[in-house]
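Side chains are part of it too, since the values below use all heavy atoms of this structure and drop only hydrogens, waters and symmetry mates. No experiment lies behind these values; they were computed from the predicted model shown.
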Amino acid sequence: MKKREIVAWLVFSLMAWPWMAKAQVTTGTFVGTVTDPSGARMPGVKVTVTSSATGYRRTTVTAQDGTYVVEELNPGTYQIAASK
């Protein structure tokens, strides 16, 4: 590579770096479906996600198709419980 090409590549890399850094995500999401023993999907079920390390809890209710989404959870180990 020529010196000019190297300098241009470095300048471009340094300009793009702040955008790439902002794209980093530090949280996760649980997505699931609650079914009964026959496999039928269950709407209206309370789903609780609890952090094993901190005890932090998030609760949601399953949609009409039995699905649930719990977003923006910090990395770690979680327990998931469902009740109706």
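With a 4.5 Å cut-off between side-chain heavy atoms of Ile, Leu, Val, Met, Phe, Trp and Tyr, the cluster of Val69 takes in Val31.
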Please tabulate, for the side chains in residues 71-84, all donor-acceptor contacts under 3.5 angstrom to protein atoms that are two or more places apart in sequence or on a different chain.
residue	atom	partner	partner atom	Å
Tyr78	OH	Asn74	N	3.3
Tyr78	OH	Asn74	O	2.7
Lys84	NZ	Pro43	O	3.0

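A search for side chain to side chain donor-acceptor pair (under 3.5 Å) contacts involving Ser51 returns Thr54, not counting sequence neighbours. Qualifying side chain to side chain contact (heavy atoms under 4.5 Å, CB included) partners for Thr48, counting only residues two or more places apart in sequence or in other chains: Lys46, Thr50, Arg57, Thr59. Residues passing the side chain to side chain contact (heavy atoms under 4.5 Å, CB included) test with Thr67 are Thr33, Arg41, Ala63, Asp65, sequence neighbours excluded.
Among pairs with a residue in residues 42-69, none fulfils ring-ring contact (aromatic ring centres under 6.0 Å, His included), at least two apart in sequence or across chains.
Residues Ser38 and Asp36 share a closest heavy-atom pair of OG-OD1, 2.7 Å.
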